[in-house]
Number of protein chains: 4
Amino acid sequence: MARLKSEEKRNAILAAAAQGVAERGVGAPTSLIAKLAGVAEGSIFTYFADKDLLLNALYLSAKSSLRETMYEGYPSRAPIEERFEHVWNRYLDWGMAEPALRIAMAQLTVSERITADTRAEGERVFGDIAGLFNEGMASGALRQGQPIGFMAGIITAVAETTMHFMAQNPAQAADYRRAGFEAIWRAIGSG
Amino acid sequence: MARLKSEEKRNAILAAAAQGVAERGVGAPTSLIAKLAGVAEGSIFTYFADKDLLLNALYLSAKSSLRETMYEGYPSRAPIEERFEHVWNRYLDWGMAEPALRIAMAQLTVSERITADTRAEGERVFGDIAGLFNEGMASGALRQGQPIGFMAGIITAVAETTMHFMAQNPAQAADYRRAGFEAIWRAIGSG
Amino acid sequence: MARLKSEEKRNAILAAAAQGVAERGVGAPTSLIAKLAGVAEGSIFTYFADKDLLLNALYLSAKSSLRETMYEGYPSRAPIEERFEHVWNRYLDWGMAEPALRIAMAQLTVSERITADTRAEGERVFGDIAGLFNEGMASGALRQGQPIGFMAGIITAVAETTMHFMAQNPAQAADYRRAGFEAIWRAIGSG
Amino acid sequence: MARLKSEEKRNAILAAAAQGVAERGVGAPTSLIAKLAGVAEGSIFTYFADKDLLLNALYLSAKSSLRETMYEGYPSRAPIEERFEHVWNRYLDWGMAEPALRIAMAQLTVSERITADTRAEGERVFGDIAGLFNEGMASGALRQGQPIGFMAGIITAVAETTMHFMAQNPAQAADYRRAGFEAIWRAIGSG
DNA sequence: TATGAATGAGAGTTCATTCAT
DNA sequence: TATGAATGAACTCTCATTCAT
């Protein structure tokens with residue numbers, strides 16, 4: 001039997017793509033990505049039929065990675081603000097731990113090369129976040145009358161800004177993290 | 001005497017670049033931009049020595065356009081919240097009036113091709129915004145202890161999100177506009 | 001003891017190559033040929049050291065297949081025109097029965113990738129045809145003074161044209177077959 | 001004003017393509033064609049949007065070239081056999097004068113890359129040949145009951161064979177030319 | 001011997017930039 | 001100054017061939 005396609009190599013390519021895209025945008029050459037991944041140029045295409053598919057897979061992979069991190073140690077029984085804060089903190093943890101993924105995702109989010117289907121699939125990954133919002137609404141912890149998607153969009157936007165400042169200013173990272181949370185909690189909380 | 005370089009043509013190129021970048025990202029071909037501008041491919045380069053300079057000029061031009069719109073009819077003597085709201089509303093007006101510019105700016109903001117100098121210059125354009133923040137802080141209208149840049153970043157992020165939702169959902173545009181303002185005012189106001 | 005290279009598999013590859021070349025020309029990928037043959041990509045190269053050898057083997061295989069068909073039921077004792085007509089009819093039978101082989105051979109015949117040696121070997125396969133011509137000349141049945149190779153070339157060319165029309169127009173196939181024979185018989189017969 | 005696309009350069013590319021295809025088949029690299037034409041690799045694509053269009057244009061250009069040569073000095077009032085012979089001779093003249101075009105056309109004719117539309121257009125170019133056949137039929141000079149397309153196909157096939165032998169054997173070229181004509185005239189004439 | 005992933009040279013094509021007109 | 005054809009480096013992708021399994 002021949003070598004089988006390895007999940008490992010696929011992941012190496014995705015990681016390399018994240019780095020490449022973070023540094024050079026979606027225009028990062030596949031040859032650079034191959035080099036970063038330590039594979040031959042052609043090997044990219046045995047794992048991803050073309051560059052667009054690689055980019056879309058990267059987008060989804062980043063979203064999944066984020067979601068997974070966000071729910072690590074999730075305190076299911078804690079009061080809702082605490083759970084929001086948990087998710088918030090994990091979000092920023094992820095961004096600090098995976099700078100390439102964070103920056104690449106920012107590039108991909110504004111790129112025309114990510115299809116509507118992929119974006120929809122990316123939102124689906126965060127389906128359980130909707131549950132958190134619904135519960136927050138029902139319990140009166142969150143401000144009423146805002147579409148959940150809009151709230152989520154604002155949180156994402158503020159989180160990105162916060163991560164950007166944390167990354168630029170590591171010494172004050174903890175301050176930004178807290179200030180960011182306070183800002184969004186005031187923005188969306190019913191307090 | 002030779003014809004002067006026409007400011008008009010330069011502007012046509014910038015507008016075309018905005019459209020091109022909005023639709024195809026920073027990878028939009030200069031040939032496409034030339035076509036959109038109604039000039040010859042080569043003419044781009046009599047106005048901008050290379051594509052990076054064009055992109056950086058576009059970034060600055062978009063920032064200036066935004067700043068200018070924001071201060072139209074600025075109520076210098078009104079209470080500070082009203083002035084913030086004015087600026088907020090004008091920001092969103094600009095985004096709705098200039099969708100290409102708005103989207104292009106989002107692309108450029110995350111692109112490696114915009115230099116640090118250009119970014120700094122872009123912030124300088126909004127220098128008087130800093131005055132508004134300082135005054136807000138001094139008067140106690142804004143929450144204390146946050147770096148002005150961070151506040152401004154959050155506002156920008158929320159504004160972009162709001163514009164995105166307004167554009168997607170024109171019927172509810174007014175609702176998003178107000179909800180967005182309430183969210184940021186709670187986030188940064190001392191209220 | 002290891003399995004023997006299976007003649008069957010070799011033939012499957014040749015048949016797949018015929019189909020591939022018929023459909024996509026000599027540029028048909030070896031990976032396509034492998035898929036059509038139902039073998040792994042690498043297996044092609046245990047039967048044929050490289051693609052050129054495969055192509056040359058296919059050429060010869062097609063010629064042999066044709067020759068074999070032509071002589072099936074050959075009426076050794078019949079008058080010469082009848083023997084010519086037999087050969088003619090078998091030729092066309094072969095073309096109709098093996099369209100992939102027929103078309104592939106047309107592609108290979110004009111390809112630079114078939115070596116002079118292979119072409120010579122291909123002619124050798126039809127050596128006994130020369131005997132038929134010689135006898136025809138000697139008996140006065142064929143026009144004098146033409147090089148045998150030229151006559152054979154003309155017959156081949158007319159046969160290919162005839163097969164093309166038969167394939168395009170199956171309803172009139174019998175008419176073309178007869179018309180084709182009459183044409184070449186007038187062309188080369190002494191009548 | 002800039003340099004204008006020159007018919008001359010377009011023709012140089014077509015001539016280079018003919019040479020390239022004659023020598024290496026339709027797989028001849030565009031880079032080779034560019035080099036043969038003495039232009040940059042990219043220039044090919046300012047004249048032909050892609051390689052397929054170049055190949056199809058070459059096919060048509062070869063057909064036109066042939067047709068034009070065939071009708072040079074056409075003896076409109078001569079008896080029909082003489083006119084057929086004129087056309088025949090010019091056909092072979094063309095093949096001897098333009099070996100690259102002749103061989104390239106043979107390659108293109110069997111290639112999948114020439115579209116049905118292009119083939120139809122190629123036949124249209126020879127429309128007046130149909131007139132010659134019709135007249136031949138009406139006057140009784142040609143054998144009755146054969147589709148014109150079939151006759152034309154046979155002539156083409158025999159001409160190609162004849163040119164092949166003439167090219168291989170220049171010393172006997174005149175003999176082949178005459179023998180070829182006699183063969184086709186017996187094949188299609190009513191004599 | 002069979003498999004098919006891995007390889008990298010080379011293919012077709014794009015595109016920022018130059019330059020003859 | 002304006003034009004757009006010309007250029008060739010660089011890009012994405014293909015494919016014959018190799019080789020670990």
Side-chain angles (χ1 to χ4, degrees), chain A residues 1-6 9-10 27-35 37-54, chain B residues 1-6 9 27-35 37-55, chain C residues 1-6 9 27-35 38-55, chain D residues 1-6 9-10 27-35 37-55:
Chain A
M1 252 241 274
R3 275 165 284 182
L4 293 179
K5 257 187 262 196
S6 82
K9 195 158 285 184
R10 198 187 124 99
T30 52
S31 58
L32 169 64
I33 294 170
K35 187 182 296 178
V39 303
E41 294 187 25
S43 295
I44 300 271
F45 301 96
T46 95
Y47 287 88
F48 303 94
D50 62 29
K51 194 186 176 185
D52 278 344
L53 287 174
L54 168 58
Chain B
M1 197 183 80
R3 262 161 300 176
L4 293 175
K5 288 191 205 176
S6 101
K9 197 162 283 188
T30 52
S31 59
L32 169 65
I33 294 171
K35 185 183 295 178
V39 304
E41 291 184 33
S43 296
I44 301 263
F45 300 93
T46 94
Y47 289 88
F48 304 93
D50 63 29
K51 193 185 177 185
D52 278 344
L53 287 173
L54 168 57
L55 256 15
Chain C
M1 197 180 83
R3 262 162 301 175
L4 292 175
K5 287 193 205 176
S6 100
K9 198 163 283 188
T30 53
S31 58
L32 169 66
I33 294 170
K35 184 183 296 177
V39 304
E41 291 185 32
S43 296
I44 300 263
F45 299 94
T46 92
Y47 290 88
F48 303 93
D50 63 30
K51 194 185 177 185
D52 278 344
L53 286 174
L54 168 58
L55 256 15
Chain D
M1 251 241 276
R3 276 165 283 181
L4 294 178
K5 256 186 264 194
S6 82
K9 194 159 286 185
R10 197 186 124 98
T30 53
S31 58
L32 169 65
I33 294 170
K35 187 181 296 177
V39 303
E41 293 186 26
S43 295
I44 299 269
F45 300 97
T46 95
Y47 288 87
F48 304 94
D50 62 29
K51 194 186 177 186
D52 278 344
L53 286 174
L54 168 57
L55 256 16

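Just so we're on the same page: letters track the sequence lines, and every chain starts at 1.
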Asker: Can you find a side chain N or O atom of A:Thr30 that sits less than 4.0 Å from OP1 or OP2 on F:dT12?
Answerer: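 The answer is yes; a side-chain N or O of A:Thr30 sits under 4.0 Å from OP1 or OP2.
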Asker: If you pin B:Gly27 and D:Asp52 to their nearest nucleotides in DNA chain E, which one's is more 5'?
Answerer: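 Its nearest nucleotide lies further toward 5', so the answer is D:Asp52.
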Asker: Once Watson-Crick and G-U wobble pairs under 3.5 Å are found, how is DNA chain F written in dot-bracket notation, 5' to 3', with | for any base paired to another strand?
Answerer: .||||||||||||||||||||
Asker: On DNA chain F, does the nearest nucleotide to A:Ser31 precede the nearest nucleotide to D:Gly38 from the 5' side, or the other way round? Give the residue.
Answerer: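 Nearer the 5' end of the strand: D:Gly38.
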Asker: Between C:Pro29 and A:Lys51, which residue's closest nucleotide on DNA chain F lies nearer the 5′ terminus?
Answerer: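 Looking at the nearest nucleotide for each, A:Lys51 comes out on the 5' side.
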Asker: With a cut-off of less than 4.0 Å, is there a side-chain N or O of A:Thr46 near OP1 or OP2 of E:dA6?
Answerer: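 Yes.
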Asker: Look at C:Ser43 and E:dA2 and indicate whether a side-chain polar atom (N or O) is within less than 4.0 Å of OP1 or OP2.
Answerer: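 For E:dA2, OP1/OP2 do not have a side-chain N/O of C:Ser43 under 4.0 Å.
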Asker: Roughly, in whole Å, what's the span from CZ in D:Phe45 to P in F:dC11?
Answerer: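 So the two atoms are 18 Å apart, to the nearest Å.
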Asker: Rounded to the Å, how far apart are C:Ile33 CD1 and E:dG4 P?
Answerer: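 Rounding to the nearest Å, CD1 of C:Ile33 and P of E:dG4 are 17 Å apart.
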Asker: Relative to the 5' end of DNA chain E, which residue comes earlier, A:Ser6 or C:Ala40, by the nucleotide with the nearest heavy atom?
Answerer: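 Result: C:Ala40.
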Asker: Whole Å only: how far is the CD atom of D:Glu41 from the C1' atom of F:dC11?
Answerer: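 So the two atoms are 13 Å apart, to the nearest Å.
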Asker: Kindly say if C:Tyr47 contacts the phosphate of E:dT1, meaning a side-chain N or O under 4.0 Å from OP1 or OP2.
Answerer: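 So the side-chain polar atoms of C:Tyr47 never come under 4.0 Å of the phosphate oxygens OP1 or OP2 of E:dT1.
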Asker: Whole-Å distance between E:dT7 P and A:Ile44 CD1?
Answerer: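 After rounding, the reported distance stands at 11 Å.
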Asker: To the nearest Å, how far apart are D:Leu53 CG and E:dG12 C1'?
Answerer: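 Rounding to the nearest Å, CG of D:Leu53 and C1' of E:dG12 are 13 Å apart.
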Asker: Reckon A:Ala28 touches a base, only the sugar-phosphate, or nothing at all at heavy-atom distances under 4.0 Å?
Answerer: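 Sugar-phosphate only.
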Asker: How many angstroms lie between atom CZ of B:Phe48 and atom CD1 of B:Ile33, to the nearest 0.5 angstrom?
Answerer: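 So the CZ of B:Phe48 and the CD1 of B:Ile33 are separated by 10.0 Å.
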Asker: Distance check needed: F:dT18 C1' versus C:Phe48 CZ, whole Å only.
Answerer: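 About 19 Å, once rounded to whole Å.
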Asker: Who are the side chain to side chain contact (heavy atoms under 4.5 Å, CB included) partners of B:Lys9, not counting sequence neighbours?
Answerer: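 B:Lys9 satisfies side chain to side chain contact (heavy atoms under 4.5 Å, CB included) with B:Ser6, B:Val39, B:Tyr47 once adjacent residues are dropped.
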Asker: Whole angstroms only, please: what is the NZ-C1' distance between D:Lys35 and F:dG8?
Answerer: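 From D:Lys35 NZ to F:dG8 C1': 13 Å.
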Asker: For E:dA6, take OP1 and OP2 only and decide whether either is under 4.0 Å from a side-chain N or O of A:Lys9.
Answerer: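 It does, given that an N or O in the side chain of A:Lys9 lies less than 4.0 Å from OP1 or OP2 of E:dA6.
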Asker: Could you tell me how far apart A:Leu32 (CG) and F:dC11 (C1') are, to the nearest whole angstrom?
Answerer: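 Checked: the CG to C1' distance equals 12 Å.
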